[in-house]
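Letters go in sequence order (proteins before strands), and every chain restarts at 1.
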There are 2 protein chains.
Amino acid sequence: MEKNEISILGAGLIGSLLSIYLKKRGCDVSVYEKRADNRKVGYKEEGRSINMALSDRGWKALEKIGMTEKVAALTIPMYGRRIHDEHGNTSFLPYGKDKQAIYSISRGKFNQLLVEEAENKGVKIFFDHKCESVDLRTNEISFTVPETGTEKIHSKVIIGSDGAYSSLRMAMQKQVRFNFRQEYISHGYKELSIPATAEGEFAMDPNALHIWPRGMFMLIALPNPDKSFTCTLFLPFEGAKVCFDKINDKRDVEGIFKNYFDDAYQLMPNLGEEFFTNPTSALINVECYPWVLKQAMLIGDASHAMVPFYGQGMNCGFEDCFILDSLIEKLGTNAWELVFAKFQKMRKPDTDAISKLAMENFVEMRDATADPKFLLRKKIEAKLHSLFPNEWIPLYTMVTFSDMPYSEAYTQGKLQEAIMDKVMANPLITQNWDKLDYEDIVNQMDAAKAV
Amino acid sequence: MEKNEISILGAGLIGSLLSIYLKKRGCDVSVYEKRADNRKVGYKEEGRSINMALSDRGWKALEKIGMTEKVAALTIPMYGRRIHDEHGNTSFLPYGKDKQAIYSISRGKFNQLLVEEAENKGVKIFFDHKCESVDLRTNEISFTVPETGTEKIHSKVIIGSDGAYSSLRMAMQKQVRFNFRQEYISHGYKELSIPATAEGEFAMDPNALHIWPRGMFMLIALPNPDKSFTCTLFLPFEGAKVCFDKINDKRDVEGIFKNYFDDAYQLMPNLGEEFFTNPTSALINVECYPWVLKQAMLIGDASHAMVPFYGQGMNCGFEDCFILDSLIEKLGTNAWELVFAKFQKMRKPDTDAISKLAMENFVEMRDATADPKFLLRKKIEAKLHSLFPNEWIPLYTMVTFSDMPYSEAYTQGKLQEAIMDKVMANPLITQNWDKLDYEDIVNQMDAAKAV
């Protein structure tokens with residue numbers, strides 16, 4: 001039987017990045033991926049989102065392995081949300097200040113780049129290897145492989161970066177005292193597209209994440225380098241006025257789009273066809289603990305799959321790799337149990353926090369962004385931040401444009417929320433927002449933090 | 001391939017009872033059990049609790065198939081909790097009024113009786129059949145069998161009564177939109193025993209459930225027909241002054257027992273040996289939804305394993321069978337999808353409620369039962385119940401001595417709790433409890449219910 005030092009399950013974004021990190025630390029690394037090599041067979045999404053939004057935590061992890069420039073070439077910056085109302089009017093809500101942006105990138109292209117880089121550095125990647133089972137007593141992994149049937153390998157260390165439906169996690173789940181939760185939300189999503197115009201240009205402002213918030217449902221769009229947009233429609237599966245269950249033919253789709261997203265509809269010539277060709281996908285939240293059993297560990301979505309509404313799934317997984325690497329830097333490559341134990345203990349409160357924020361942000365995106373009071377609230381917070389840049393950092397900024405632990409951002413965010421609730425309760429706030437005692441608001445924050 | 005009408009996974013208490021119900025409705029029923037036939041090989045507990053406490057919901061389900069008498073012969077009534085303090089003093093806290101009792105019964109004997117009855121009625125039971133996988137698209141089940149290797153069967157209907165680690169649930173978990181949670185509590189348990197005295201008598205009062213509540217941990221004991229008691233020690237696994245991790249040898253065990261459970265210790269000649277022979281087991285809570293995929297359904301612990309602190313796990317599973325049978329009575333044996341869909345929808349709020357109550361009752365058992373204020377509170381509630389038997393039914397009574405839906409008991413219990421909190425806040429309550437305006441308290445309950 002083949003004996004590996006380190007086996008990584010999954011050559012997705014997290015697995016390939018992690019393999020580069022571990023290779024740089026001098027480890028012998030083999031990665032096993034159930035999908036075919038998409039550099040050869042073309043990229044199939046298989047129900048996963050096409051566009052990712054890369055932000056500071058992700059960039060930081062890429063920088064440490066010198067990949068910033070290569071990745072940057074594939075991205076389009078989005079400086080804020082462009083909100084589309086039902087009449088086609090739009091308003092722009094910056095994500096941060098100055099030139100702060102999140103970056104749209106295609107999952108497929110990005111994954112290919114990371115796989116390429118990993119192979120160039122000497123990582124062995126085995127495609128078409130579907131993990132069937134992991135024996136956690138012996139650290140043996142069984143794969144089915146199209147040509148050879150079953151393959152078995154032994155590995156000193158096993159890392160599961162095999163996503164929300166992780167095989168390694170499935171093996172851990174049968175171990176005693178493994179806490180685990182998987183929860184689907186009531187909404188599903190479907191990807192659609194807005195092609196480039198006849199003139200070969202973007203059909204809308206490319207430097208924004210477009211949102212059509214409609215209360216219980218929404219449409220969003222992210223720009224692609226080929227000047228198209230990838231749109232994602234989020235609807236309840238059933239039991240609502242507008243839901244996937246009630247859409248049975250092209251007329252239903254077009255009716256809904258004309259009614260709720262007319263400006264987008266005008267830009268979507270393939271809507272009816274795409275709607276029935278593309279899958280309707282579910283959204284899962286996964287939490288578990290422990291992540292570690294001796295020298296086997298879960299990372300990324302395998303340990304904490306979150307809903308996509310804070311755009312942090314990939315960024316959080318990349319930060320996982322960065323933090324794990326910092327521990328290896330300190331403790332070396334001969335103390336895996338210690339490294340893994342420290343990692344899970346340190347990281348779990350942060351992934352819990354961002355998972356919660358991702359769930360909460362869904363309501364904000366689909367509902368609150370349509371509310372003038374919400375926009376005003378964001379404006380007041382932006383002003384607080386510009387007057388007191390260190391004392392009042394909006395939650396979105398802490399999460400997206402800093403590397404503050406997610407759990408700390410979460411706690412500060414909750415304090416801010418309570419203070420802003422009081423500020424917004426002022427009946428004259430719309431007229432007087434610019435004349436508030438901003439210093440007093442910030443002082444309330446200091447007082448709350450001191451408790 | 002063998003084709004079954006109905007296949008039940010698991011010939012435990014719930015599976016065998018259910019098979020009797022279904023056979024009585026004229027169905028062709030096959031039951032598959034991974035364990036050997038314990039009537040032949042002797043009963044092994046394999047880390048599961050030895051004694052069960054049968055109460056009204058369980059009896060009701062047994063009555064419907066005419067088994068009350070046969071089962072009663074195996075039981076010992078327990079009319080209340082006997083609380084042991086650290087000095088060996090005891091006090092008796094009745095479970096209900098008059099002759100209301102819960103009934104201690106050995107899991108092994110009970111299971112044998114039900115299996116016997118099922119076979120006599122014509123149910124086919126296959127022991128040594130370990131379910132390896134269920135294909136939910138084709139309703140095919142694969143088993144490993146010691147003699148023949150792998151066996152495959154096809155079944156029109158599949159019911160998983162295969163417990164907290166259900167194979168059918170594992171198959172469902174891979175289906176889209178299956179919400180699932182498994183959670184272990186911080187405490188584990190170990191079974192020990194108090195043998196009959198040299199004179200062949202019970203060493204303590206046999207008609208009570210004995211509790212030694214010690215705050216963060218506790219010991220309990222239930223009587224057996226052979227005049228021994230089965231004791232269960234509940235301790236935190238780690239991180240506490242008294243926990244399993246810190247018990248390394250007989251001296252540690254004896255030190256703890258002498259210190260905290262001295263009266264029991266005097267009755268436990270085999271303590272040191274048993275402690276290191278018997279396994280330390282974990283306690284799991286499982287919630288999931290849906291329970292049904294077309295003509296496959298989970299029942300009992302497979303769909304809602306709960307912690308044992310309300311003594312309702314088995315009773316709730318039996319009530320599942322009773323309710324399912326009532327639906328079959330109405331809708332017939334040719335509408336499984338409809339029956340299953342109605343069952344899960346109707347039953348889920350109730351199993352959620354009892355799972356929550358079981359978790360909450362742990363604190364009450366190990367901690368509150370040692371508190372004089374708690375005993376007084378129970379006394380006041382008992383008096384309320386005797387004065388107003390229909391208006392104020394203590395929560396324990398609603399759960400244990402009635403067939404009111406668990407969810408309704410839960411809601412009423414929470415209203416009672418809020419009212420009793422106020423009653424107990426009276427600083428003179430210890431002196432004045434008998435002179436309270438009991439009618440006013442009951443009226444508060446009526447007012448609260450009306451909201």
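Looking at A/K356 and A/D352, no side-chain N of the basic residue comes within less than 4.0 Å of a carboxylate O on the acidic one, giving no salt bridge.
Between B/F180 and A/F180, the gap from one ring centroid to the other is short of 6.0 Å.
No part of A/Y289 comes within reach of chain B, as not one of its non-hydrogen atoms sits under 4.5 angstrom from that chain.
Remark: the B/D320 side chain and the B/H304 side chain contain an N/O donor-acceptor pair separated by less than 3.5 Å. Judged by distance alone, the side chains of A/E132 and A/S142 never bring a donor and an acceptor atom under 3.5 Å apart. At a cut-off of 3.5 Å, with distance as the only test, no side-chain donor of A/K130 or A/T144 sits close to an acceptor on the other residue. Between A/Y310 and A/E360, the side chains place no donor N or O within less than 3.5 Å of an acceptor N or O (distance only, hydrogens not considered).
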Using distance only, find each side-chain donor-acceptor pair of residues 290-301 of chain B under 3.5 Å and give its atom names and separation, not counting sequence neighbours.
{"from": "B/W291", "atom 1": "NE1", "to": "B/C288", "atom 2": "O", "distance (Å)": "3.0"}

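Ranked by heavy-atom pairs under 4.5 Å with chain B, the list A/E183, A/E287, A/R181, A/R177 is led by A/R177.
At a heavy-atom cut-off of under 4.5 Å, chain B is reached by A/F237, A/E238 from residues 237-244 of chain A, listed in order of number.
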